[in-house]
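Note that the structure is a prediction, hence the values are computed from the model and not measured.
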Amino acid sequence: MEALKNWKLHLFALIIVVISELIGIRHIGIMVLMPILYATILGGVISWPKLKILNMKDMEHASAIFPVALMILLAKVGLGVGPQLDAIMAAKGTLFIQMFAHFLGIVILGLPVAMLLGLGRESIGATYSLGREAQVAIIADKFGLNTPEGHGVMGVFIVGTVLGALWTSVFVSVIAALDIFHPYALALGGGNSSMSMSTAALEVITQNYPDADIDKVQAYMNTSNLITNVMAIYVNMFLTLPLTVWLYNFFDKFRKGNKPQVNAAA
């Protein structure tokens, strides 16, 4: 309740949202800059300790409010499922295959690399998912944001917000240049639950395949985004997070000075 009464946080949040929305979506070459990028940068500047605009108590209040805001977002995502059920069913198993590829690929490839780079429990939060809003909420509920797992998922969330669209633009441009995938397949792969990254991928696909049915490309991408957003909650909670924790505990046995094992049911 004390966090909700912190007028300073609400005021700055309102100001940041208004400024970000006024700037809007901007295109610089193949890069797509979304309002969430501006909001992240502005929030980072305001919360910089040297400026002394916000104190540690304000930071704690913001951490407490964050999961509540994410629950509202997840409810909004869930309400969007019904109108798209026909499109989801029409795609049959294709979308579900790409969805599992999104998540399992991250865990199997990302976790060992993160641990080899020296990350501890941060690697769990960083590699169990794509690290977007829904996944931040799951870690916040299971471990809390002021934990190594919370630091890991927030690090990926922030880096994905700042650099994700740029990386997606470059990566999809390289893949599209190979001309070995159908634009619909690229659209399915580009629908990864991040609007900034997906928009960047869509821009590249439309530029490289001018003869493709853009409406269908966008429909596949939107449906992929929807399924990844909605199904990700269950896949992450019941599959990839427990799997990541188990793999972390397994690999951690081979590292010197390993710490007590992590409990997935924390």
Side-chain angles (χ1 to χ4, degrees), residues 3 36 40-41 43-44 47-49 54-71 73-74 99-164 167 192-194 196-197 228-266:
I36 191 173
T40 301
I41 294 174
S47 61
W48 192 22
L54 299 177
N55 54 41
M56 287 305 300
K57 194 68 175 178
D58 294 325
M59 297 293 110
E60 293 173 1
H61 288 166
S63 297
I65 295 173
F66 193 66
V68 178
L70 288 175
M71 282 192 290
L73 174 64
L74 295 183
M99 180 191 67
F100 279 102
H102 274 313
F103 300 120
L104 293 181
I106 293 168
V107 174
I108 294 172
L109 296 176
L111 181 65
V113 172
M115 296 185 71
L116 286 172
L117 291 174
L119 290 180
R121 288 167 48 191
E122 293 85 358
S123 59
I124 296 175
T127 64
Y128 93 102
S129 68
L130 290 167
R132 305 318 299 160
E133 290 85 351
Q135 290 74 47
V136 173
I138 292 172
I139 291 295
D141 180 64
K142 289 283 187 180
F143 300 98
L145 292 180
N146 292 322
T147 62
E149 293 84 0
H151 297 162
V153 73
M154 283 305 299
V156 170
F157 176 78
I158 293 172
V159 171
T161 299
V162 176
L163 300 177
W167 163 253
N192 58 13
S193 82
S194 168
S196 58
M197 296 183 199
T228 305
N229 262 315
V230 176
M231 294 300 293
I233 300 172
Y234 306 102
V235 173
N236 289 146
M237 284 194 299
F238 301 117
L239 178 61
T240 59
L241 182 56
L243 175 61
T244 306
V245 171
W246 184 85
L247 286 173
Y248 174 82
N249 288 330
F250 176 77
F251 289 132
D252 195 47
K253 295 177 183 178
F254 302 99
R255 298 202 299 187
K256 293 182 179 180
N258 58 307
K259 297 179 180 180
Q261 293 194 337
V262 180
N263 184 2

Which heavy atom of [X] sits nearest to which heavy atom of [Y], and what is that distance?
X      : Y      : result
Thr127 : Ala114 : CG2-CB, 4.0 Å
Val136 : Met154 : CG1-SD, 3.7 Å
Asn236 : Ser129 : ND2-CB, 3.7 Å
Gly125 : Ile139 : CA-CD1, 4.3 Å
Phe251 : Pro112 : CE1-CG, 4.1 Å

Between atom [atom1] of [X] and atom [atom2] of [Y], what is the distance when rounded to the nearest 0.5 Å?
X      : Y      : atom1 : atom2 : value
Met237 : Leu241 : CE    : CG    : 10.0 Å
Ile138 : Thr240 : CD1   : OG1   : 7.5 Å
Thr147 : Leu145 : OG1   : CG    : 7.0 Å
Leu243 : Ile108 : CG    : CD1   : 7.0 Å
Asn146 : His151 : CG    : NE2   : 5.5 Å

Sidechain-backbone polar pair: [X] side chain, [Y] backbone, donor-acceptor under 3.5 Å:
X      : Y      : answer
Asp141 : Ala137 : no
Thr244 : Ile124 : no
Tyr128 : Val153 : no

Close side-chain approach of Met115 to Leu111, heavy-atom, < 4.5 Å: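 Heavy-atom side-chain distance check passes, below 4.5 Å.
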
Those residues that, when tested against Phe250, pass ring pair (Phe, Tyr, Trp, His ring centres under 6.0 Å) (two or more places apart):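 Testing Phe250 for ring pair (Phe, Tyr, Trp, His ring centres under 6.0 Å), a comparison that skips the adjacent residues, returns Trp246, Phe254.
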
Residue that, paired with Asn249, satisfies side chain to side chain contact (heavy atoms under 4.5 Å, CB included) out of Val245, Asp252, Leu247: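 Result: among Val245, Asp252, Leu247, Val245 is the only option passing the side chain to side chain contact (heavy atoms under 4.5 Å, CB included) with Asn249.
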
Residue pairs fulfilling salt bridge (charged side-chain N to carboxylate O under 4.0 Å, His left out) with at least one residue in residues 143-156, sequence neighbours excluded: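 For residues 143-156, and leaving out neighbouring residues, the salt bridge (charged side-chain N to carboxylate O under 4.0 Å, His left out) pairs sorted by first residue read Arg121-Glu149.
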
side-chain contact (heavy atoms from CB on, under 4.5 Å) involving Trp167 - partner list, sequence neighbours excluded: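 Trp167: side-chain contact (heavy atoms from CB on, under 4.5 Å) contacts with Phe171.
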
